[in-house]
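See structure below.
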2 protein chains.
Amino acid sequence: MATHKREHFTTAEQELAVIAKALGHPARVAILRLLTQRRACVCGELVLELPISQSTVSQHLKGLKTAGLVQGEVDGPRVCYCIDPAGWARARQLLGDLLAELPVPTTGCAC
Amino acid sequence: MATHKREHFTTAEQELAVIAKALGHPARVAILRLLTQRRACVCGELVLELPISQSTVSQHLKGLKTAGLVQGEVDGPRVCYCIDPAGWARARQLLGDLLAELPVPTTGCAC
DNA sequence: TTTTATAATCGTAAATCGACGATAAACGAA
DNA sequence: TTCGTTTATCGTCGATTTACGATTATAAAA
């Protein structure tokens, strides 16, 4: 049932969309998993694991950093990346809320 | 540590990316919520709620349908949309796995 | 200082996205 | 059949994404 037209999207909707967009590429999902498993840390190691070039990996890392999911600290000529605790906690929260809010429906369309 | 370069991304990574990409726009997140809350069902009702045009809503519905998150059945001149149980169950599974696999790290970068 | 290793950025190209208005298609009702 | 309602599609446009090689920092090592 329609109430009235919304002016904007909610902050939560936009925030979740930013997170989801960051997860919206297999390379970025793979990077997050490699970082948590500590199978890779430095950008060059990620490049060795992934089927994409160095510049593309760097670009994806930038995207993940912009979304707040990853942080990197300079370590000599290298950069050590890891999951950003605060940002990832927020992402988990938003995704968890979504899963809680949208259970698998038992009934189909009911118009 | 690097083992050896991967040829492709895994199926799970790609599948999750498809789901995440579908969630990567506030309009689509809003649509999913409206559908589960049964605050809207028919396309026209969604249009009345959302700050975007009819053609754009239809476009987003198509995207959600392609991702397998939503299904629609024709009801006279209208189309009744609802969450696709199987597709959404799969999406929940993949997102849940991600949350389980990637806990919030306690330690920061450790290179 | 010069070299070497690493990562970020630049420039570019192709593809996709997101939005809209306009039009077409589908269907029930008159 | 014709009309009115609803939804999908078309065409368009600008912006964004994804990819790459080449180049430019950056910093340690020689």
Side-chain angles (χ1 to χ4, degrees), chain A residues 1-2 5-9 13-14 17-31 34-35 40-67 69-82 109 111, chain B residues 1-2 5-9 13-14 17-31 34-35 40-67 69-82 109 111:
Chain A
M1 246 174 248
K5 204 168 189 73
R6 218 186 286 182
E7 195 72 23
H8 306 293
F9 296 110
E13 280 160 1
Q14 300 186 56
V18 168
I19 303 297
K21 204 181 267 189
L23 298 176
H25 192 289
R28 292 191 290 267
V29 174
I31 288 173
L34 289 170
L35 290 182
C41 172
V42 169
C43 175
E45 292 173 342
L46 293 165
V47 174
L48 289 175
E49 297 272 359
L50 301 171
I52 49 181
S53 73
Q54 181 268 320
S55 63
T56 305
V57 170
S58 185
Q59 213 169 305
H60 283 304
L61 283 168
K62 186 179 180 181
L64 287 169
K65 224 164 41 170
T66 300
L69 300 185
V70 146
Q71 64 188 31
E73 55 183 46
V74 178
D75 171 31
R78 283 175 285 278
V79 176
C80 176
Y81 284 96
C82 63
C109 290
C111 299
Chain B
M1 245 176 234
K5 204 168 189 71
R6 219 187 285 182
E7 194 72 22
H8 307 291
F9 296 109
E13 281 160 1
Q14 301 186 55
V18 168
I19 303 296
K21 203 181 266 188
L23 297 176
H25 192 289
R28 293 190 288 267
V29 175
I31 287 173
L34 288 169
L35 290 182
C41 173
V42 169
C43 175
E45 293 173 343
L46 294 165
V47 174
L48 289 175
E49 297 272 359
L50 301 171
I52 49 180
S53 74
Q54 182 268 320
S55 61
T56 305
V57 169
S58 186
Q59 211 169 296
H60 283 304
L61 283 168
K62 186 179 179 181
L64 288 169
K65 224 163 43 169
T66 300
L69 301 185
V70 146
Q71 64 188 31
E73 56 184 44
V74 177
D75 172 31
R78 282 175 286 277
V79 176
C80 177
Y81 284 96
C82 64
C109 290
C111 298

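So you know, we letter chains A, B, ... as the sequences are listed, proteins then strands, and number each from 1. For the numbers below, each heavy atom of this structure counts, side chains included, while hydrogens, waters and symmetry mates do not.
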What is the distance, rounded to the nearest whole Å, between atom CG of B/Leu46 and atom P of D/dA8? 10 Å
When rounded to whole Å, the CG to P distance for the pair B/Leu50 and D/dT7 reads 13 Å
By side chain to side chain donor-acceptor pair (under 3.5 Å) - contacts of A/Ser53 (at least two apart): A/Ser55, A/Thr56
Rounded to the nearest 0.5 Å, what separates atom CG in A/Leu61 from atom CG in A/Leu69? 11.5 Å
A/Tyr81 atom OH is separated from C/dT6 atom P, nearest whole Å, by 15 Å
Could I get the full list of side-chain contact (heavy atoms from CB on, under 4.5 Å) partners for B/Val18, not counting sequence neighbours? B/Ala67
Write down the atom of B/Glu13, the atom of A/Ala30, and the distance for their closest heavy-atom approach. OE2-CB, 3.5 Å
Starting from C1' on C/dA8, measure out to CG on A/Leu61 and report it in whole angstrom. 11 Å
Atom NZ of B/Lys65 to atom C1' of D/dT9: distance rounded to whole Å? 12 Å
Could you write nucleotides 10-26 of chain C as a row of B, S and -, 5' to 3', where a protein heavy atom under 4.0 Å of any base atom gives B, of only sugar-phosphate atoms gives S, and otherwise -? --------BBBBB----
Between atom CG in B/Asp75 and atom P in D/dT5, what is the gap in whole Å? 17 Å
Closer than 3.5 angstrom, by distance alone: can the side chain of B/Gln54 be matched with the main-chain N or O of B/Val47 as a donor-acceptor pair? no
Where does the angle between the aromatic ring planes of B/His60 and B/His25 fall among parallel (under 30°), tilted (30 to 60°) and perpendicular (over 60°)? tilted
